[in-house]
Amino acid sequence: MDRTAFIQGLPKAELHLHIEGSLEPAMMLDLAGRNGVELPYADIAEVQAAYQFSNLQDFLDLYYAGMGVLRTASDFFALADACFRRVGADNVTHLECFVDPQAHLCRGVRFQDFMQGLNEAARQAAGRGLEVSLILCFLRHLSEREAFGTLEDAEPYHGDFIGVGLDSSELGHPPRKFRNVFAAARDLGFKLTAHAGEEGPAAYIWEALDVLGVERIDHGNRALEDDALVARLRRDQVPLTLCPLSNLKLRVVPDLRAHPLKRMLDQGLLVTVNSDDPAYFGGYVNDNFTRVAQALNLGQTELAAIAANSFKAAFQATEGPDG
Ligand code: ADE
Ligand code: ZN
């Protein structure tokens, strides 16, 4: 069986996908027209041509501008419905999906608008065999006080989220900045995860684990710079949600052949493969598996182990490939 068919056949959980990062250029232009939002692009080719990034911040600037076209509950439904259908087509049966409420609230979009659209799309996805859980992310370039405000604003929707995460500009915004709001979220019963070690140093991964108390690390690429950290991640089997095509586009790695995934697997770390912001980075989860497998020459045993890891790493009790 060829590699692509083998990957397609593996049941998978996707644990690192930002719903706003699934906004495909065609939908961005369509919603911009309908909502009267000005974009600096005339057509899909111009949008795609703009997706050249030298680092995380370059991408985030376009990502926040792009999501400005999302205004109503039906816009969020259209976004999530298209995303969940596309994710399901890759034989993903469980999706834990990040949402950036602060990026919408600051534009005057209300919690009830985006939650209504996202919840309805998730309900319909469940009927097609894709279980979707939402994770509320705090934007780390904002203050902890603002994160607390968002946690409070989210109160009517606490039951709709399984966990909280931490994303946006990493350098200069260490996890410890959010220690109190993560403690509050834990007390409310939320699962905890955080982006760490994407551009930031290994020290941020230690902080995410020991100061925030997260159960999972999003990215974690730079963990390999610190042997004691690798030993800790191995001992506790802390899941890392790796995103190879994101790392390539944001120049976290110069080439997929330099991606740390295989070295991490060889060192006994619990790694998973995910798509991050698929509309911006050139592929959904199977594309990520295929491209990284080609670059690192991963065999079927390794690919099956990575897919099985995704169910071990999931927050929500879920049916893995072995039940
Ligand atoms: N928000 C969306 N994608 C992100 C990423 N890769 N890193 C940090 N914040 C993000
Ligand atoms: Zn991410």
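Just so you know, ligand 1 is whichever comes first in the structure, and atom 1 is the first atom listed for that ligand.
- For the pair Asp210 and Arg232, the salt-bridge criterion is met [side-chain N within less than 4.0 Å of a carboxylate O].
- Nearest non-hydrogen protein atom to atom 3 (N) of ligand 1 is Asp277 OD2, 2.7 Å.
- In this structure, Ser168 counts as a contact residue of ligand 1, since one of its heavy atoms falls inside 4.0 Å of the ligand.
- Interface atoms of ligand 1 facing Phe59, defined by a heavy-atom separation under 4.0 Å, are 2 (C), 3 (N).
- For a distance bound of 2.8 Å, the N, O or S atoms of His16 include one lying that close to the Zn ion (ligand 2).
- Residue contact check for ligand 1: Glu170 places no non-hydrogen atom closer than 4.0 Å to it.
- For the Zn ion (ligand 2), the set of nearby N, O or S atoms under 2.8 Å includes none belonging to His219.
- Of the protein's heavy atoms, Asp276 OD2, 2.7 Å lies nearest to atom 6 (N) of ligand 1.
- Checking side-chain atoms of Arg3 against main-chain N and O of Thr290 turns up no donor-acceptor pair under 3.5 Å.
- At a heavy-atom distance under 4.0 Å, no atom of Phe98 approaches ligand 1.
- Here the side chain of Asp276 pairs no donor or acceptor atom with the backbone of Leu17 at under 3.5 angstrom.
- With a 4.0 Å heavy-atom cut-off, ligand 1 is reached by no atom of Glu20.
- Aromatic ring centroids of Tyr63 and Phe59 lie under 6.0 Å apart.
- Counting non-hydrogen atoms of neighbouring residues, nucleotides and ligands closer than 6.0 angstrom, the CZ atom of Arg145 reaches no more than 12 such neighbours.
- Between the Glu198 side chain and the Glu170 main chain, no donor and acceptor come within less than 3.5 Å of each other.
- Contacts of Leu56 with ligand 1, taken as heavy-atom pairs under 4.0 Å, involve the side chain alone.
- In this structure, a donor-acceptor pair under 3.5 Å is absent between the side chains of Thr150 and Asp153.
- Nearest protein heavy-atom contact of atom 1 (N) of ligand 1 is His18 CE1, 3.6 Å.
- Each of the following atoms of ligand 1 lies closer than 4.0 Å to a heavy atom of His219: 6 (N).
- Closest heavy-atom approach to atom 7 (N) of ligand 1 among the candidates His16, Lys249, Glu198, Gln57: Glu198.
- Residues Glu96 and Arg216 are paired through a salt bridge, judged by an N-O separation under 4.0 Å between the basic side chain and the carboxylate.
- Coordination check, Asp276 versus the Zn ion (ligand 2): passed, since an N/O/S atom of the residue sits under 2.8 Å.
- Ring orientation note: the planes of His16 and His18 are nearly perpendicular, at an angle over 60° on the 30°/60° scale.
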